[in-house]
Amino acid sequence: MLRRAAFIALLFVTHGAYAATAPSVTLHGKTFSTEFATDDASRELGLMNRTELAADHSMLFVFVDDEPRAFWMKNTLIPLDILYFNKDRQLVSMQLNAQPCKADPCAIYPSGGQYARYVLELKAGTAGKLGLKLGETLTIEGDPGTVR
């Protein structure tokens, strides 16, 4: 009986540790579960070929340097808000309601010459619902390995 209780306690501790480190981002008081895209392969794939994105989910692209960024929507099947953040995690540019593209030529959605280290993709319309403004700060929870 004692062994079983210890196992159950360990199970709860393990689950609690996982829940505490589950990847998420918070922006304007709203928390989103997130997937981290931290290497070339995951950044290239992004949210391609997905037919839906939950309203409380996101993808955070993490780069090791700061430079102007540009994203495109080739093979992305859902409209997205693309938000660009600098090294201090401040919102510097927004591309709202970026539309799906199945064939070239696809539109390019740049950071408007602003330097970005982080790019957050959310379901289209989310930025407007939150009333986001440039300068807002992004909080990142979890360990994508390269978040600095």
Between Phe32 and Ser58, the two heavy atoms sitting closest are CB-OG, 3.8 Å

_Closer than 3.5 angstrom, by distance alone: can the side chain of Thr34 be matched with the main-chain N or O of His57 as a donor-acceptor pair?_
no

Residues 114-144 vs disulfide (SG to SG under 2.5 Å), sequence neighbours excluded, gives none

Exercise for the section: Find out if a path of hydrophobic residues (ILVMFWY) with successive side-chain heavy-atom gaps under 4.5 Å connects Tyr84 to Trp72. Expected result: no

TODO: Ignoring hydrogens and angles, tell me if any N or O in the side chain of Thr126 forms a donor-acceptor pair with the backbone of Leu122 under 3.5 Å.
DONE: no

Of Val25, Val119, Leu132, Val92, the one forming a side-chain contact (heavy atoms from CB on, under 4.5 Å) with Leu83 is Leu132

One should read off an interatomic distance between Ser111 OG and Phe71 CZ, to the nearest 0.5 angstrom, of 9.5 Å

Residues at least two apart in sequence or cross-chain that pass side chain to side chain donor-acceptor pair (under 3.5 Å) with His28, listed by chain then number, are Glu136

Backbone N or O of Leu96 within a donor-acceptor pair of the Asp81 side chain at under 3.5 Å? no

Checklist entry - Is a side-chain N or O of Gln114 found less than 3.5 angstrom from the main chain of Pro68, in a donor-acceptor match? => result no

In short, disulfide (SG to SG under 2.5 Å) pairs touching residues 37-70 with sequence neighbours left out are none

Show me the side-chain donor-acceptor pairs of residues 59-67 shorter than 3.5 Å, one per line, residues at least two apart or across chains.
| from | atom 1 | to | atom 2 | distance (Å) |
| --- | --- | --- | --- | --- |
| Asp65 | OD1 | Arg69 | NH2 | 2.7 |
| Asp66 | OD1 | Arg117 | NE | 3.1 |
| Asp66 | OD2 | Arg117 | NH2 | 2.8 |

Contacts satisfying disulfide (SG to SG under 2.5 Å) that involve residues 35-115 (not counting sequence neighbours) are Cys101-Cys106

To the nearest 0.5 Å, atom CD1 of Ile78 lies from atom OG1 of Thr76 at 7.5 Å

* Could you tell me whether a side-chain N or O of Asp88 sits under 3.5 Å from a main-chain N or O of Gln90, the two making a donor and an acceptor? => no

Query - Main-chain N/O of Gln99 paired with Tyr109 side-chain donor or acceptor, under 3.5 Å - result: yes

Heavy-atom nearest pair, Ser93 first then Leu91, reads O-CD1, 3.4 Å

Contacts of Thr51 meeting side-chain contact (heavy atoms from CB on, under 4.5 Å) (sequence neighbours excluded), chain-then-number -> Leu77

Looking only at heavy atoms, the pair that brings Met94 and Leu134 closest together is CE-CD2, 4.3 Å

Apart from Tyr115 itself, its cluster of hydrophobic side chains linked below 4.5 Å comprises none

Inspect the surroundings of NZ in Lys30 and state if more than 12 heavy atoms from other residues, nucleotides or ligands are less than 6.0 Å away. yes

Heavy-atom nearest pair, Tyr118 first then Lys87, reads CE1-O, 4.0 Å

### Query
Yes or no on side-chain contact (heavy atoms from CB on, under 4.5 Å) for Leu27 and Thr139, after CA distance, side-chain angles and deciding distance?
CA-CA 7 Å; Leu27 183 59; Thr139 302; over 6 Å; no

For Asn75, the side chain to side chain donor-acceptor pair (under 3.5 Å) test, sequence neighbours excluded, returns none

Residues pairing under salt bridge (Lys or Arg N to Asp or Glu O under 4.0 Å) where one sits in residues 92-111, two or more places apart or in two chains, turn out to be Lys74-Asp104

With sequence neighbours left out, the residues meeting salt bridge (charged side-chain N to carboxylate O under 4.0 Å, His left out) with Asp39 are none

With sequence neighbours left out, the residues meeting side-chain contact (heavy atoms from CB on, under 4.5 Å) with Thr31 are Ser24, Thr26

Would a 4.5 Å heavy-atom cut-off, applied to side chains only, mark Leu80 and Leu47 as touching? yes

Salt bridge (Lys or Arg N to Asp or Glu O under 4.0 Å) pairs touching residues 46-62, sequence neighbours excluded, are Glu35-Arg50

